[in-house]
Number of protein chains: 2
Amino acid sequence: MPRGAEKRQPKYQRIAAALKDGIASGLYGPGDRLPGESDLMATYGVARMTARQAFAALQAEGLVEPRKGAGVFVREFKVGIRRRGIQRLAVEVWSAGGSIWAADGTGHDPVVEFLGVAEEPAPGAVAQALGVPVGAAVLVRRRKFLLDGRPVMLATSYLDAALAAGTPIAEPDTGPGGVYARLAELGRKPVRFREEVRSRMPAPEEAKALALGPGTPVVLVCRTAFDADRRVVEVNEMALDSAAYVLEYEFDAV
Amino acid sequence: MPRGAEKRQPKYQRIAAALKDGIASGLYGPGDRLPGESDLMATYGVARMTARQAFAALQAEGLVEPRKGAGVFVREFKVGIRRRGIQRLAVEVWSAGGSIWAADGTGHDPVVEFLGVAEEPAPGAVAQALGVPVGAAVLVRRRKFLLDGRPVMLATSYLDAALAAGTPIAEPDTGPGGVYARLAELGRKPVRFREEVRSRMPAPEEAKALALGPGTPVVLVCRTAFDADRRVVEVNEMALDSAAYVLEYEFDAV
DNA sequence: GAGTGGTCTAGACCACCAA
DNA sequence: TGGTGGTCTAGACCACTCT
């Protein structure tokens, strides 16, 4: 084999690969502390910035998490919330006054932190979906969901202000069955839903609000609710901690 | 207010924020070149590593993309593929010999790069789902999908080898309607699907195979296909370029 | 108080790209 | 060929955590 043809790989990548092996092999388990920067400097005979680059590569993959003053630790993944996209929105769930979350099978409901409700001018895409003029007032409800004290989702719900103003929908607590039950009482019962799912890296504000470690993407779910006349009654934009969620959609082939 | 209480923000974050403003305001549009490292050093009077840290922060958000020898450029997002999770798997699509992708509305089918088919011992989770003993031979089909020459998805399909071996399913080209049409001919027609959706940062191999820039997550879709007896006939694990895809699920509330 | 990671400096050599 | 980003060194001071 040709001499010196394969050896070209940056030092920091070799160090990162070695650490990754240690994680994969179980030498370092979830929550364990990895060798520190000075350990790597001594072990591999490199400068500190090189050791830091190795850690940066692992952070970018979301495998490790540095803690100031303590060390670098193997990520512990949160318990997955299994979000059953279709069953959870079945009419009987919310029409019976139940929480949509009960269908998610976590065993216990999350804490909802209410961040506010307000009338605001509609963003372009939302206005178009709701069928109101761009800039028209829409009711905006913002909430944060926490499970075991950890934030897992941010949700922003948009409704036609002409429809929802003055109803319990504009209150912090919308009552049993939530917004959908109230919409049904207003004669605008949601009968069909569309969820669009995307993913990207979080903006710094999102990372802070969800307490995301480096290398953790957010999953964006945009749900549109339709009534029997195919009119849009709600648009709900959610940002989920990708380390906390599995989205499940189960359906028949016809 | 307390003196000196607010001014504490690292230089590299201030520089990153200034660049981000430039992107948000349209000063730097998609594909534009940003000021280089030496520009930042001169403009802000910082060392090179500090300027690089600022760029690293933007890369982690997936906003910019460095090109060796050329500069740092604002990311251009790919055209979104709208993947209609439910309609695309309707029986009539593949039973008529059509491509599942035709329902995705991109206007043109992707190129499929066949990476191989083989019998391999089943990974634990797959074996359990397929109802075969752990380590039993399963048929594994690996493919890469490209749109306009760019890779957008990796797919690994698992089937019971006892069922699929010796059939067109074990061939590179499975014929009109694909694997599902062949399963139907074998009396194991898929009638129900479950898709589980996750997201995380890619491993280096995935990033390379999908030509992902830094700061681009992958969306993982694990599809399980059931026949009329609720037996699992296929498990398909897919890794999607999150910058190329929007997943859509539309369903009734009952 | 000792050790950790966070930030920052001031240099260096290299491979790659564009003019 | 000149400028770009990629890698790397050898120091420095700081805030924080742990004990």
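Throughout, a chain's letter reflects where its sequence line sits, starting with A, and its residues are numbered from 1. Heavy atoms only: backbone and side chains are in, while hydrogens, waters and symmetry mates are out.
- Checking dG6(C), dT7(D), dT9(C) against every side-chain atom of M49(B), the shortest atom distance belongs to dT9(C).
- Axis angle between the ends of the helix from dG1(C)-dC18(D) to dA18(C)-dT1(D), five pairs each and rounded to 10 degrees, works out to 10°.
- For the contact set between residues 28-42 of chain A and DNA chain C, defined by any heavy atom under 4.0 Å, the members are R33(A), G36(A), E37(A), S38(A).
- Side chain of R141(B) to main chain of E171(B): a donor-acceptor pair is present (N/O by atom type, distance under 3.5 Å, no hydrogens or angles).
- Here R52(B) lies in heavy-atom contact (under 4.0 Å) with a base.
- With hydrogens and angles ignored, a donor-acceptor pair under 3.5 angstrom links the side chain of R48(A) to the base of dG6(C).
- A salt bridge does not link E113(B) to R143(B): none of the charged side-chain nitrogens sits closer than 4.0 Å to a carboxylate oxygen.
- Closest to the side chain of K68(B), out of dT9(C), dG6(D), dG6(C), is dG6(D).
- For A70(A) and Q13(A), each mapped to the nucleotide of DNA chain D holding its nearest heavy atom, the one lying further toward the 5' end belongs to Q13(A).
- In terms of modelled atom types and a separation under 3.5 Å, the side chain of D21(B) and the main chain of A18(B) share no donor-acceptor contact.
- At a cut-off of 3.5 Å, with distance as the only test, a side-chain donor of S199(A) or S199(B) sits close to an acceptor on the other residue.
- When each of Y12(A) and G71(B) is assigned the nucleotide of DNA chain D bearing its nearest heavy atom, the one mapping closer to the 5' terminus is G71(B).
- Under the 3.5 Å distance criterion, with hydrogens and angles disregarded, no donor-acceptor pair is assigned to the side chains of E120(B) and Y158(B).
- Taking the side chain of P66(A) as heavy atoms from C-beta on, and the options dT7(D), dG6(C), dT9(D), the nearest nucleotide is dG6(C).
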